[in-house]
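None of the values given here were measured: they were computed from a predicted structure.
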Amino acid sequence: MNTMLASSPSQPMIIDGVVIRQDSEGRYCLNDLYKAAGEKQKNRPKYWLENAQTTALVNELEKGGIPPLYAKPGRNGGTYVCKELVYAYAMWISATYHLKVIRAFDTLQTQGVAVAEHAANDFQINPLKYFERLLDQAKQLQAERDQAIATKAHISSSREASVMGKLSAASRKVQKLEHELGRNSTEATMTAVEKAMSKKFGGQGFRPLKKWCKDNDVTPSKVPCPRYGEVVAWPAQAWFDCYGVNLTDLFGKEGEA
């Protein structure tokens, strides 16, 4: 969870080798921040977003104009949040991670590039490893901004906020439904995976997943099922460790995270 390299606020930053993507509005990808933080079950963005304090903060930030939180659907999507929410998420994870994020952003404001002390040697020896990532991300960001500008040109300013708000709301509804059905990149039911893979795991196929949850002290979610009332949605890591199944490959990255 140590900040390896961060670029200026309008450019991507890299935390522990993970590129933190940005969208055309400069918001940061919450999914990438979770990955850089170690992907511990307790730190899943889903839990943080469900927090009442987080909801209140988002509502307050929404008064500023540009939505502070945007869910981008699809395989290359994710949940993108403004800098204030990056701070809040980092603080929720740990005081140590929060302090590192604050210092990284502070350094960016004054120097344009931030390199953590522990990463200084590696950065000097392998600078291209970091610059290539930044260049690729910069190109992607520029392309997204160009597309956003072209799209906005066809929408009147009076309707733009309304249209964008409706799209965001619709996206959240789709993601909520995906979670209720137990078929997303963080957890999935046995039936959902079998349908997606056109493969049967057998009547006892759930047992390795159940054992994984018990061994790792994880309580899996339960989702509505028209046939059985409710069924278990097993964690993504359990699917990968037990069967080598990558839920992100099956269902795409979370927009909600």
Side-chain angles (χ1 to χ4, degrees), residues 3 5-16 18-37 43-51 53-93 97-98 100-102 104-109 112 114 133-134 136-152 155 160-176 185 252-257:
T3 303
L5 173 70
S7 64
S8 66
S10 62
Q11 296 294 329
M13 63 179 174
I14 298 176
I15 300 178
D16 268 2
V18 178
V19 175
I20 310 301
R21 293 169 293 166
Q22 287 179 272
D23 65 8
S24 59
E25 298 293 348
R27 290 167 295 214
Y28 297 86
C29 182
L30 197 59
N31 308 71
D32 294 339
L33 289 164
Y34 169 59
K35 183 177 181 180
N43 294 335
R44 285 177 58 189
K46 173 184 177 181
Y47 301 143
W48 176 68
L49 290 170
E50 293 174 347
N51 186 293
Q53 190 172 17
T54 301
T55 300
L57 179 58
V58 171
N59 291 337
E60 188 65 26
L61 289 168
E62 284 179 340
K63 299 176 183 179
I66 297 177
L69 184 151
Y70 172 69
K72 182 178 179 182
R75 287 184 177 276
N76 295 318
T79 297
Y80 290 80
V81 299
C82 64
K83 183 173 70 173
E84 290 84 353
L85 292 180
V86 171
Y87 285 146
Y89 178 59
M91 180 171 61
W92 179 75
I93 289 178
Y97 190 50
H98 184 213
K100 288 181 180 296
V101 170
I102 290 175
F105 273 116
D106 285 346
T107 303
L108 296 178
Q109 293 294 334
R133 291 168 178 165
L134 292 177
D136 290 342
Q137 185 63 24
K139 289 179 179 178
Q140 179 181 349
L141 181 60
Q142 185 61 54
E144 290 179 354
R145 284 179 175 169
D146 291 343
Q147 182 178 6
I149 292 173
T151 301
K152 290 179 181 179
I155 304 176
E160 182 175 345
S162 175
V163 171
M164 294 302 181
K166 289 179 180 178
L167 287 174
S168 180
S171 178
R172 287 195 295 270
K173 288 181 180 179
V174 170
Q175 291 147 17
K176 181 179 179 182
S185 63
K253 287 188 176 180
E254 281 189 295
E256 177 259 351

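When all heavy atoms are compared, the tightest approach of Asn51 to Gln53 is OD1-N, 2.7 Å. Closest approach of Leu85 and Trp48 over heavy atoms only: O-CH2, 3.5 Å. Shortest non-hydrogen contact noted between Asn43 and Tyr89 is O-OH, 2.7 Å. Minimum interatomic distance between Val58 and Pro68 (heavy atoms only, all atoms of both residues): O-CG, 3.8 Å. Listed here is the closest heavy atom pair of Ala88 and Leu57: CB-CD2, 3.7 Å.
The shortest side-chain heavy-atom distance between Pro67 and Glu62 does not fall under the 4.5 Å cut-off. Taking 4.5 Å as the limit, every side-chain heavy atom of Cys29 sits out of range of all side-chain heavy atoms of Lys72. Proximity of Arg27 to Tyr70: side-chain heavy atoms (C-beta onward) are separated by under 4.5 Å at one or more points.
Partners of Glu84 under the salt bridge (charged side-chain N to carboxylate O under 4.0 Å, His left out) rule, at least two apart in sequence or in another chain, do not exist in this structure.
If you take CG on Leu49 and CH2 on Trp92, they are separated by 8.5 Å, rounding to the nearest 0.5 Å. With rounding to the nearest 0.5 Å, the separation of CG in Asp23 from OH in Tyr28 is 10.5 Å. Rounded to the nearest 0.5 angstrom, Arg21 CZ and Leu30 CG are separated by 11.0 Å.
The aromatic rings of His98 and Tyr87 lie perpendicular to each other, with more than 60° between the two planes, well past the 30° mark.
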